[in-house]
Every structure is written in C-alpha cells, then in structure tokens.
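When reading the values below, keep in mind they use all heavy atoms of this one structure, side chains included, and skip hydrogens, waters and symmetry mates.
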Amino acid sequence: MSLLLPLSRLVPLRDTTAWGRFASVRPLPRVYGRVTLEPVPYDDTGMLFVLADHPIGGVVSVALGDTPVTAYRMRHEADFTGRTVAFLELQTAIGKEVLTVTLDGLLHPVTGRHMTNPADVSWDLLQWATGRIIDRSRFALWASACQREGIEVHGVVTTADETIRAQLDAVVLSAGSLWSGAMPGFGRLLPELDRVETPILLSSGALSSVSCEARLDGIATVVTVRFGYDWAAADFTGSVTYHAPEAVKRYGRIERVIEAPWCPTPRQAARLAEAHCKRLSGARWTTTVDGDRSMSDIEAGASISTVHPLLPGGAVSGALVTGVDRDHESGAMTLSLDHLAAEAE
C-alpha cells in the first residue's frame, strides 16, 4: 500500500524568531548522528547557545577558532517557548571568533542508541516533518539491509527553505538507496550495494509481451562522491573518485559528481562511488514486461531475474522493478524494469 504524505511542504524547522528576541534570524537545527556546526546564540551574553531544537546524545568537542574549549556545560532545558532544547553554556564570553561544536544528535526513541540508520532517520524525519504517526515497522526491511551493510547517515536539517521530499532525497542518496512510498520497506539499498539480495526468479511462461528501450545519455565512466559535509564550514571535507577503465576506453571520460552530504566516511563514500559507477558506466535498458497474476506479489523496488527470447541478450539478472501496474479485474500485470545493457567492466 502506498504511503501518502505531504512531501511538497517545507520542513517545519523553527528559527530564532520563535523566541521573540534575537540578534539575527537563524534556523534551529535538527541533528542526526555526529556533526560539526555553529551553535545558535540564545541571548546577547556570548555565553549561552542552542545546539539543537531537541535533546541530543552529547557534546564531543568545542572549539573557538582553532583553539579547543574545555570550560563548557551542556544541558537540556526548556527555552522561552517551553520546548526542550540542547543548551551549551560557556564559562567566559566569546568575541568575534567562530564557535564550532561537534556533537551527537538524536537518540532512537526505542533503542536509545544514536540514530544513524538511514531507515530510522527517514522514519523520524517524516514523522517530525509531516506531523503524522508512521508505523516504524514499515521501514524494517530497509533498516536491516543498512545495518547488515554498515550504511549510516549523519547530518543536519538546517534550512526551512527545502521541501520534505528534497530533505529526504539528500538522506537517501547519501545512503546509496532508493525510496518510494509504494515500496515495501519504504526504501532499499541500490542493488550494487546489497551483497546478499537474491533476485526473484520470474518464469518466462508468465510473460506475454516484452518491450525494451536503451539510452546512452545517462552514461558516466568516472564518478566522484563528495562526502562528510561540515555544517560549520559549509563545505564537504572529502571526495572519492571511481573509474570504469573499460568504459572509459569505449565511451571516453564522462564525469559525474554526486553530492552525498549525509555520507560520513571515506569507506562508505568509496562504496557509493563504486556502486554508481557500475550503474552508470554502460547503457541501460528500460524494459516493460506484461504478464499474468503469477507476478502479483512483485512490488516496486524488487530485483527480477528472468529468461525470455525478446529480452536483450535473452535474459536479465537483477533488474530493478521501477514500476508496477495491476489490472485487478483480469489479474494482468505490467512491470517496468531498469537494468544494464551489458555488465560493467
């Protein structure tokens, strides 16, 4: 069943105007995982700041310019409006130097652990942003795959000018995943990242017709992933580049840069770059297959393997189901598939 949510709305991020007095309008961040940011001044003393618009896991370090600060206290208290926020209190007032804080954000409401699993973050983000109660078990399949593959996200919701959909896209892209409200698990890892996924075997006898189209305009033979965004410096801290040598020989050097601000580590960025390079380094087929009710259990996001004389090369392996159309009266099914025209080298 599709999950219908108002994803075109802007994220409901509060800013300093909620307090009634402020030096400048600043958003009050929502934080997941370990991040570095500039805290928001709470008053004009130069000693009291807000780290996040919610309780957090704790402060890792504080710095004034390039100088570490050790004389501080973090506490959770109600702000002027009565909402509990994370405060940072310094023992001495700061001047014009920039104060930066590295902190651990929201804790999981059930496990009490740092909330870094992409499925958990997406679930929490959607509940907070839409104001609706969403069944957490809906995200369990995706959460399990992310945990198994060691995929995490760390980041900050820091602008009220983005839609819920755009914010969710940033999280999901950084996790090397795809998402859809109609997808079981809501999201899934890219097939190239899920090392234990077993494609669904579809009988050729179930297919009544096949149509295919291949395009070359989406090819990239060199993929760079920018990762580790520093919200205090407003810049990425690293990048990883992956090449497909045989594809470079065949198509030339075609570069693609993927920005993954919520991707926290070089290891994960390298896996994302490799996965995207495998997906993009050759022509891809868009295939539509019509079949009978034996395909009725197949949902968007599934992987399909099947053999049919009309398929490119006579077979597909691990094709991604991007769309499902059911005729409930006749039981007929139409699946839209995405797959490489040939194996990437």
Tell me, do [X] and [Y] make a side-chain contact under 4.5 Å, heavy atoms counted?
{"X": "R30", "Y": "W128", "value": "yes"}
{"X": "R250", "Y": "T221", "value": "no"}
{"X": "S177", "Y": "W142", "value": "yes"}
{"X": "L141", "Y": "F186", "value": "no"}
{"X": "E192", "Y": "R279", "value": "yes"}

*Fellow cluster residues of V210, listed by chain then number, with links counted only when side-chain atoms sit under 4.5 Å apart*: I200, L202, L207, V289, M295, I298, I304, L310, L311, V316, V321, V324, M333, L335, L337

*asked:* Side-chain heavy atoms under 4.5 Å apart, restricted to Ile/Leu/Val/Met/Phe/Trp/Tyr: what other residues fall into the cluster of L10, or is it alone?
replied: none

[X] and [Y]: which non-hydrogen atoms are nearest, and at how many Å?
{"X": "S122", "Y": "V172", "value": "OG-CG2, 4.3 Å"}
{"X": "F87", "Y": "A78", "value": "CE1-O, 4.0 Å"}
{"X": "R256", "Y": "A220", "value": "CB-CB, 3.6 Å"}
{"X": "V225", "Y": "A260", "value": "CG1-CB, 4.0 Å"}
{"X": "P27", "Y": "P29", "value": "O-CD, 3.4 Å"}
{"X": "A269", "Y": "C263", "value": "N-SG, 3.6 Å"}

*Applying side-chain hydrogen bond (donor to acceptor under 3.5 Å, both in side chains), which residue pairs with at least one partner in residues 110-120 are found, sequence neighbours left out?*
none

May I ask you to decide if [Y]'s main-chain N or O and [X]'s side chain share a donor-acceptor pair within less than 3.5 Å?
{"X": "S336", "Y": "T288", "answer": "no"}
{"X": "R271", "Y": "L193", "answer": "yes"}
{"X": "R75", "Y": "A86", "answer": "no"}
{"X": "E149", "Y": "R195", "answer": "yes"}
{"X": "S294", "Y": "A206", "answer": "no"}
{"X": "Q268", "Y": "S174", "answer": "yes"}
{"X": "T16", "Y": "R26", "answer": "yes"}
{"X": "R165", "Y": "R9", "answer": "no"}

_Checking Y229 now: which residues fulfil ring pair (Phe, Tyr, Trp, His ring centres under 6.0 Å) with it, not counting sequence neighbours?_
W231, F236

*Contacts of type ring pair (Phe, Tyr, Trp, His ring centres under 6.0 Å), residue Y72, not counting sequence neighbours*: none

Please check if any side-chain donor atom of [X] sits under 3.5 Å from a side-chain acceptor atom of [Y], or the reverse.
{"X": "W19", "Y": "D79", "result": "yes"}
{"X": "T286", "Y": "E213", "result": "no"}
{"X": "S209", "Y": "D290", "result": "yes"}
{"X": "W123", "Y": "D135", "result": "no"}

*D235 CG: over 12 foreign heavy atoms closer than 6.0 Å*: yes

Atom [atom1] in [X], atom [atom2] in [Y]: separation rounded to 0.5 Å?
{"X": "R73", "Y": "L88", "atom1": "CZ", "atom2": "CG", "value": "10.0 Å"}
{"X": "S61", "Y": "L103", "atom1": "OG", "atom2": "CG", "value": "9.0 Å"}
{"X": "E246", "Y": "S281", "atom1": "CD", "atom2": "OG", "value": "10.5 Å"}
{"X": "I134", "Y": "L126", "atom1": "CD1", "atom2": "CG", "value": "4.5 Å"}
{"X": "Q167", "Y": "L13", "atom1": "CD", "atom2": "CG", "value": "9.0 Å"}
{"X": "H339", "Y": "T287", "atom1": "NE2", "atom2": "OG1", "value": "3.0 Å"}

*asked:* Quick one, M115 with D104, criterion side-chain contact (heavy atoms from CB on, under 4.5 Å). Give me CA distance, side-chain angles, the key distance, then yes/no.
replied: CA-CA 9 Å; M115 196 181 300; D104 290 320; over 6 Å; no

*Starting from the C-alpha separation in whole Å, work towards a yes-or-no answer on side-chain contact (heavy atoms from CB on, under 4.5 Å) for L178 and L320.*
CA-CA 11 Å; L178 307 167; L320 179 67; 3.3 Å; yes

Please determine whether a side-chain nitrogen of the Lys or Arg among [X] and [Y] lies less than 4.0 Å from a carboxylate oxygen of the Asp or Glu.
{"X": "E197", "Y": "R188", "answer": "yes"}
{"X": "K278", "Y": "E274", "answer": "yes"}
{"X": "D327", "Y": "R293", "answer": "no"}
{"X": "R226", "Y": "E259", "answer": "yes"}
{"X": "R284", "Y": "D217", "answer": "no"}

Indicate, with yes or no, if [Y] and [X] share a hydrophobic cluster defined by side-chain heavy-atom contacts under 4.5 Å among Ile, Leu, Val, Met, Phe, Trp and Tyr.
{"X": "W179", "Y": "Y32", "result": "yes"}
{"X": "V35", "Y": "V11", "result": "yes"}
{"X": "V240", "Y": "I151", "result": "no"}
{"X": "L106", "Y": "V156", "result": "yes"}
{"X": "L189", "Y": "I258", "result": "yes"}

Would you mind writing out the side-chain donor-acceptor pairs for residues 36-59 within the sub-3.5 Å range, not counting sequence neighbours?
from	atom 1	to	atom 2	distance (Å)
T36	OG1	T102	OG1	2.8
Y42	OH	F80	N	2.9
D43	OD1	T45	N	3.1
D43	OD1	T45	OG1	2.6
T45	OG1	M47	N	3.2
D53	OD1	R14	NE	3.4
D53	OD1	R14	NH2	2.7
D53	OD2	R14	NE	3.0
D53	OD2	R83	NH1	2.8
H54	NE2	V31	N	3.0

_For V85 and H76: C-alpha separation, side-chain torsions, deciding distance, then whether side-chain contact (heavy atoms from CB on, under 4.5 Å) applies._
CA-CA 6 Å; V85 301; H76 293 127; over 6 Å; no

*Given the rule in the salt bridge (charged side-chain N to carboxylate O under 4.0 Å, His left out) test, do D194 and R148 qualify, once you have shown the distances and angles that lead to the verdict?*
CA-CA 9 Å; D194 197 338; R148 182 179 64 243; 2.6 Å; yes

*Take R326 and E299, measure what salt bridge (charged side-chain N to carboxylate O under 4.0 Å, His left out) needs, and give me the verdict at the end.*
CA-CA 11 Å; R326 293 179 171 84; E299 302 282 357; 3.5 Å; yes

*List the steps and the verdict of side-chain contact (heavy atoms from CB on, under 4.5 Å) for L280 and I219.*
CA-CA 5 Å; L280 300 173; I219 288 178; over 6 Å; no

